[in-house]
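The block underneath contains the structure these notes are about, expressed in structure tokens.
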Amino acid sequence: MKHYDYIFTGAGLSALMTVYEMAVSGKFLDKNILLLDQNPKKTNDRTWCFWEQTNGKFDTIVSKKWKLALFANENFNRILDLNPCEYKMIAGLDFYDFVFAEISLHPNIEFVNQKVNSFIEKDDLVFVETASETFSCGKLFNSIYDPKSALSQQKLPVLQQHFIGWKIKTEQKIFNPELPTFMDFSIPQNGNTRFMYVLPTSETEALLEYTLFSKDLLPETEYETGIEDYIHKLGISSYEIMEKERGQIPMTSYKFWKNNTKNILNIGSAGGWTKASTGYTLKNTVKKSKALVEFLQHRNDFRKFHKTNKFWFYDLLLLDILNDKNQLGSSIFASMFKTGNPALIFKFLDEETSLYEDLKVILKCPKRLFIDTLLRRMF
Ligand SMILES: Cc1cc2nc3c(=O)[nH]c(=O)nc-3n(C[C@H](O)[C@H](O)[C@H](O)COP(=O)(O)OP(=O)(O)OC[C@H]3O[C@@H](n4cnc5c(N)ncnc54)[C@H](O)[C@@H]3O)c2cc1C
């Protein structure tokens with residue numbers, strides 16, 4: 001049986017970003033590291049967007065940046081000035097290629113394309129079983145998301161950000177390539193929180209996603225009809241679908257980190273690294289992977305890695321509301337974005353605001369609704 005210091009079960013965003021941090025730190029040259037994934041990571045399976053100031057760590061693979069973004073509902077449109085941030089786009093495949101190019105320079109890091117069937121901790125070792133082999137390690141980083149643990153409890157709501165996206169090419173020049181649509185709630189809500197998200201890369205090309213923040217998935221045709229209706233509303237008469245993508249991202253304050261042990265750490269969405277109130281994960285992963293690599297150099301017990309903060313509770317309140325009254329999402333986000341300072345809202349979503357700044361954002365939201373939810377949660 002082959003033994004490693006560290007094994008990563010799953011080699012997607014969180015694992016690759018952590019291994020990248022380890023590699024470039026130069027502090028793990030004496031550690032044997034194995035990445036296990038059922039997928040060879042050679043296809044463009046997702047598009048990531050995130051806001052960040054200029055000069056980010058991954059700027060060389062950013063394929064498009066925007067300084068402005070549109071927020072809309074049935075009553076108003078607002079162009080948000082994102083300064084000092086930019087909204088950046090990275091193609092999944094560019095990120096995988098970027099990290100694997102770095103890994104190829106490090107003979108102590110290995111990638112094996114196998115499906116993980118199980119892992120188990122015994123004494124001070126963790127054993128990982130695939131269809132054809134068993135490996136052992138001292139520390140395991142797991143990013144294989146299993147929704148069962150979150151769904152097996154009722155105390156904390158479990159919603160999802162779910163969507164289907166079409167990358168289309170139009171005949172007419174229809175898009176403003178400098179203006180993505182961050183959220184457009186002007187589509188029929190049908191009792192849910194539903195919006196369109198549009199990422200234009202040229203006047204004739206854009207990714208359009210029909211997105212919900214809700215508990216249950218829809219039949220595939222409902223997302224696709226939603227995209228078609230929106231394309232029609234934009235006045236597009238002729239277009240070609242270049243690519244399709246779909247996503248199902250957990251939105252929950254469930255304490256994934258409670259499942260960590262001394263030697264097994266859940267990372268990425270499986271570790272609660274997804275921002276519960278939005279589904280955004282990349283930015284948190286940048287921060288958490290850096291913190292984790294720092295942690296590994298000084299500490300040994302993975303149960304000590306997670307730190308809860310006030311934002312966990314803020315997210316929980318919003319999710320409580322969306323869980324009980326999913327149809328209110330549009331008005332809550334509209335109240336925040338109608339007159340709120342975009343830079344402050346994004347700083348709040350990045351969990352970097354002071355208590356005073358938190359109040360400035362939160363007080364834009366329907367107060368009665370949040371106070372009632374707060375009281376219900378507390379008592
Ligand atoms: C289409 C899509 C678009 C998204 N867009 C954004 C965005 O714009 N911004 C943002 O911040 N977040 C976005 N997200 C959310 C989040 O950033 C991604 O889901 C991100 O990939 C999560 O990272 P992760 O490491 O937790 O999981 P993943 O990147 O999914 O990695 C998990 C890995 O585990 C592997 N795996 C699963 N089961 C097994 C098994 N049994 N054996 C071996 N390997 C296994 C998978 O193949 C995968 O490579 C998006 C998600 C999706 C699906």
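Every number for a ligand or one of its atoms is a count from 1 in the order of the listing. We use all heavy atoms of the structure for the numbers below, so side chains are in, but hydrogens, waters and symmetry mates are not.
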Per-atom contacts of ligand 1 with S143, taking only distances under 4.0 Å to non-hydrogen atoms: 32 (C)

Could you walk me through whether K347 and E357 pass the salt bridge (Lys or Arg N to Asp or Glu O under 4.0 Å) check? CA-CA 9 Å; K347 191 176 171 197; E357 290 172 319; 3.0 Å; yes

When you measure from the heavy atoms of W48 to every atom of ligand 1, does any distance fall below 4.0 Å? yes

Check contact between K275 and ligand 1, using heavy atoms of the residue and a distance below 4.0 angstrom. no

for atom 1 (C) of ligand 1, nearest protein heavy atom and its distance come out as R246 O, 3.3 Å

Distance filter under 4.0 Å to L282 heavy atoms, resulting ligand 1 atoms: 10 (C), 11 (O)

Examine the proximity of ligand 1 to I144 and report which part, side chain or backbone, both or neither, has a heavy atom under 4.0 Å away. side chain

I need the contact type for E245 against ligand 1. Using non-hydrogen atoms and a strict under-4.0 Å cut-off, is it side chain, backbone, both or neither? side chain

Going by atom types only, do T261 and N263 share a side-chain donor-acceptor pair under 3.5 Å? no

Mind checking whether T130 has a heavy atom under 4.0 Å from ligand 1? no

I249 and ligand 1 - part of the residue with a heavy-atom distance under 4.0 Å: side chain

At under 4.0 Å between heavy atoms, which part of K41 makes contact with ligand 1: side chain, backbone, both or neither? side chain

Below a 4.0 angstrom heavy-atom separation, can you tell me which part of F163, side chain or backbone, both or neither, approaches ligand 1? side chain

Check whether any heavy atom of Q114 sits under 4.0 Å from an atom of ligand 1. yes

